[in-house]
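Presented below is the structure to which this report refers.
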Amino acid sequence: MSVRQSLLAILDQGPCYGYQLRHEFDRRTGSTWPLNVGQIYNTLERLERDALVERGDADAQGHVYWRITDAGSAEVAQWLAHPVRRSAATRDELTMKLALAATLPGVDAAGVIRVQRAASRSRLQKLRAASELESAATPEDLARSLVVDSLIFAAEAELRWLDHVEQHLTQHPLHAIELGLATERPRRGRPMSKDAEVAPRGAAVPFAGSGSAAPVSP
């Protein structure tokens with residue numbers, strides 16, 4: 001979730017002060033991702049540094065209004081017009097946990113999956129119950145229902161993935177997937193490429209991104 005672009009998009013509607021930005025953000029996201037005021041002001045200062053917003057004078061109540069610049073409006077338009085790129089390298093805790101559980105000797109990976117499945121099902125049931133109580137009577141209601149629907153789809157996908165992991169693990173004997181600690185000490189610096197690991201001594205190994213090759217030192 002991009003707090004930066006979200007705050008810019010709100011400011012594109014008109015000048016706001018910090019607490020007002022938090023309120024407007026909550027209204028438009030169903031209060032699902034609460035922001036603290038410190039996070040908002042830190043983001044505003046970075047936006048000011050990048051010349052995307054300007055700090056105005058304080059009003060009689062001491063509220064400092066922030067205004068978007070032309071460059072900021074252009075960034076909002078670009079953000080809304082382009083798809084969200086999901087990084088393949090995102091570190092998801094559950095994914096890492098099950099990958100480790102599947103390869104650590106002595107760990108009951110099936111048990112880890114059972115515990116997670118129970119928690120995921122419970123969360124899905126609560127989300128579905130909340131969805132049944134939602135209405136679309138106001139724009140705020142509609143925003144919250146969209147967020148809840150997204151969470152429901154994600155929870156359903158997580159359960160399907162857990163089923164897939166469990167089935168996948170049953171197809172492999174334990175000795176084939178358990179990994180003990182490596183006996184070879186890793187070298188400092190960047191990990192060796194797969195080509196470098198298997199190349200014989202003295203063989204030429206291509207540099208990544210080029211057609212040239214360099215001999216492997218004996």
* To do: Tell me, please, which residues at least two apart from Glu45 pass salt bridge (Lys or Arg N to Asp or Glu O under 4.0 Å).
  => none
* Asked: How many angstroms lie between CD in Glu54 and CG in Leu47, if you round to the nearest 0.5 Å?
  -> 12.0 Å
* To do: Is it possible for you to say whether Val84 and Leu146 belong to one hydrophobic cluster, with membership spreading through side-chain heavy-atom contacts below 4.5 Å?
  => no
* Is the shortest distance from a Lys or Arg side-chain nitrogen in Asp108 or Arg114 to a carboxylate oxygen in the other one below 4.0 Å? -> yes
* Hey, does the side chain of Thr29 reach the backbone of Phe25 with a donor-acceptor pair shorter than 3.5 angstrom? -> yes
* To do: Taking all non-hydrogen atoms of both residues into account, name the closest pair between Ser120 and Leu162 and its distance.
  => OG-CD1, 4.0 Å
* Go through Leu98 and Ile113 one step at a time and tell me if the side-chain contact (heavy atoms from CB on, under 4.5 Å) criterion holds. => CA-CA 8 Å; Leu98 290 184; Ile113 293 173; 3.9 Å; yes
* To do: Take Trp33 and Val3 through the test side-chain contact (heavy atoms from CB on, under 4.5 Å) and record every step on the way to the result.
  => CA-CA 10 Å; Trp33 302 287; Val3 174; over 6 Å; no
* Asked: Can you tell me how far OH of Tyr19 sits from CD of Glu24, rounded to the nearest 0.5 angstrom?
  -> 16.0 Å
* Asked: Between Glu48 and Arg67, does a salt bridge (Lys or Arg N to Asp or Glu O under 4.0 Å) hold up when you go through it step by step?
  -> CA-CA 10 Å; Glu48 182 183 33; Arg67 296 175 175 83; over 6 Å; no
* Do you know the tightest heavy-atom contact between Ala101 and Ala109? -> O-CB, 3.7 Å
* **Heavy-atom pair of closest approach, residues Ala51 and Ala71** => O-CB, 3.9 Å
* How long is the span from the OG1 atom in Thr43 to the CG atom in Leu35, to the nearest 0.5 Å? -> 8.0 Å
* Asked: Going hydrophobic residue to hydrophobic residue with side-chain gaps under 4.5 angstrom, can you get from Leu169 over to Trp161?
  -> yes
* Structure fact -> Smallest heavy-atom separation, Leu11 atom then Trp66 atom, equals CD2-O, 3.3 Å
* Consider only side-chain heavy atoms of I, L, V, M, F, W and Y, link residues closer than 4.5 Å, and tell whether Leu124 and Phe153 are in one cluster. => no
* Asked: Does any non-hydrogen side-chain atom of Trp79 lie less than 4.5 Å from one of Ser6?
  -> yes
* Structure fact -> Closest non-hydrogen contact found for Ala155 with Leu127 is CB-CD1, 4.3 Å
* **Residue Tyr41 excluded, over 12 heavy atoms near OH under 6.0 Å** => yes
* Asked: Is the count of non-hydrogen atoms from other residues, nucleotides or ligands lying under 6.0 Å from Asp70 atom CG greater than 12?
  -> no
* To do: Might you confirm whether atom CD of Gln167 has over 12 heavy atoms from other residues, nucleotides or ligands at distances under 6.0 Å?
  => no
* Asked: Does the pair Arg117/Glu166 count as a salt bridge with the N-to-O cut at 4.0 Å?
  -> yes
* Structure fact -> When rounded to the nearest 0.5 Å, the distance separating CG of Asp12 from CD of Gln5 is 12.5 Å
* To do: Flag the pair Arg4 / Leu52 as yes when at least one side-chain heavy-atom distance between them is below 4.5 Å, and no otherwise.
  => yes
* Is there a side-chain contact between Tyr17 and Ile40 (heavy atoms, below 4.5 Å)? -> no
* Asked: Looking at Ala9 and Val76, what are the two nearest heavy atoms and their distance?
  -> N-CG2, 3.7 Å
* **Asp92 vs Met96 side-chain heavy atoms within contact, under 4.5 Å** => no
* Partner of Glu156 under salt bridge (charged side-chain N to carboxylate O under 4.0 Å, His left out), chosen from Arg123, Arg121, Arg128 -> Arg128
* To do: To the nearest 0.5 Å, tell me how far Arg28 CZ sits from Leu142 CG.
  => 12.5 Å
* Where does the angle between the aromatic ring planes of His168 and His164 fall among parallel (under 30°), tilted (30 to 60°) and perpendicular (over 60°)? -> parallel
* Output the distance between atom CG (Leu21) and atom OH (Tyr65), rounded to the nearest 0.5 Å. => 10.5 Å
